[in-house]
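Below is one structure; the comments refer to it alone.
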Amino acid sequence: MSEPLKIAGFEIFKGCLDSSEQAALVSDLRAVARAAPMRHPVTRRGKQMTVKMTSAGRVGWISDQDGYRYEQRHPDGMGWPPIPKRILELWQNITNFERQPDCCLINFYGEGARMGLHQDNDEGDFSYPVLSVSLGDDGLFRMGGPERGDKTRSIWLSSGDVTVMGGSARLAYHGVDRIRFGSSSLLPDGGRINITLRVVQD
Ligand code: SIN
Ligand code: MN
């Protein structure tokens, strides 16, 4: 049996959301994606990411040839929809912070999508944690340390799992190596959704 993953500041709440809570979140997120369509961002070097993204909140995270940043508008020009109430309640229940997150970044992983090792460091304030929710297919999450070359450990995240990266894990490198496409029946066409809640500016 593998040892449990224990990294200071990194918390995993396995099975935090039951199937009806997961389905309710998916329907909230579909409404967000109808108002602010998902798109495959490109990196500064012009390479298309395999993950599709959109955001809800005061600001949304974007990437294009000018780099990574938060913007008040979707690249198509519309404002970002508000963060759904259920998601704000989850943030409050898990983190105990009154301060609401500014951004709910929504990632969609279709078959073959992945996310390379990176830090969440485009925010102006790292004192708040990043809360993340996994929905749909299992994803192999890789967690490292504050330096790119630090040792990493991998863990499968499943639908309904919630993680928190705070304290000394707030700036830890992390990524998603692959998903097990079709492993969950939550999304009828398969795939994995991950949402991350971030306080961007204090
Ligand atoms: C992210 O780091 O933005 C996404 C992490 C995940 O998909 O679990
Ligand atoms: Mn990240």
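Indexing begins at 1, ligand by ligand and atom by atom, following the structure's order. Side chains are part of it too, since the values below use all heavy atoms of this structure and drop only hydrogens, waters and symmetry mates.
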Asp137 with Arg192: basic N within carboxylate O range, under 4.0 Å | no

Pair Glu123 + Arg170, salt bridge at N-O below 4.0 Å = yes

Do we see a donor-acceptor contact under 3.5 Å between the side chains of Thr196 and Arg198?
-> yes

Number the atoms of ligand 1 from 1 as they appear, then name those within less than 4.0 Å of a heavy atom of Phe141, with their elements.
-> 8 (O)

Opening angle between OD1 in Asp120 and NE2 in His174, taken at the Mn ion (ligand 2), to 10 degrees = 100°

May I ask whether Arg198 has any heavy atom positioned less than 4.0 angstrom from an atom of ligand 1?
-> yes

Could Lys85 and Asp28 be called an ion pair, given the rule that one side-chain N must be under 4.0 Å from one carboxylate O?
-> no

What atoms in ligand 1 come closer than 4.0 Å to a heavy atom of His174?
-> 2 (O)

What is the nearest protein non-hydrogen atom to atom 7 (O) of ligand 1, stated with its residue, atom name and distance?
-> Tyr109 OH, 2.5 Å

Heavy-atom nearest neighbour in the protein, as seen from atom 3 (O) of ligand 1, with distance rounded to 0.1 Å = Asn107 ND2, 3.3 Å

Do any N or O atoms from the side chain of Asn194 and from the backbone of Val133 form a donor-acceptor pair under 3.5 angstrom?
-> yes

Would you say Asn194 and ligand 1 have an N/O pair spaced under 3.5 Å apart?
-> yes

Which of the numbered atoms in ligand 1 are below 4.0 angstrom from a heavy atom of Val176?
-> 6 (C), 7 (O), 8 (O)

Look at the aromatic rings of His74 and Trp80 and report parallel, tilted or perpendicular, splitting at 30° and 60°.
-> tilted

Has ligand 1 got any nitrogen or oxygen that is less than 3.5 angstrom from a nitrogen or oxygen of Ser134?
-> no

Taking NZ, NE, NH1 and NH2 as the nitrogens, is one of them in Arg39 or Asp76 under 4.0 Å from a carboxylate oxygen of the other?
-> yes

Hey, does Thr196 come in under 3.5 Å of ligand 1, counting only N/O atoms on both sides?
-> no

So for Thr163 against ligand 1, with non-hydrogen atoms under 4.0 Å, the contacting part is neither

Paired with Gln92, the side chain to side chain donor-acceptor pair (under 3.5 Å) test is passed by just one of Gln100, Arg99, Glu98, namely Glu98

If you have a sec, work out which protein heavy atom is nearest atom 8 (O) of ligand 1 and how many Å separate them, to one decimal?
-> Arg192 NH2, 2.9 Å

Give the atoms of ligand 1, by number and element, whose distance to some non-hydrogen atom of Met115 is under 4.0 Å.
-> 1 (C), 2 (O), 3 (O), 4 (C)

Does an N or O anywhere in His118 fall below 3.5 Å from an N or O of ligand 1?
-> yes

Candidates Val32, Leu197, Ile106, Leu131 - the one meeting side-chain contact (heavy atoms from CB on, under 4.5 Å) with Ile87 = Leu197

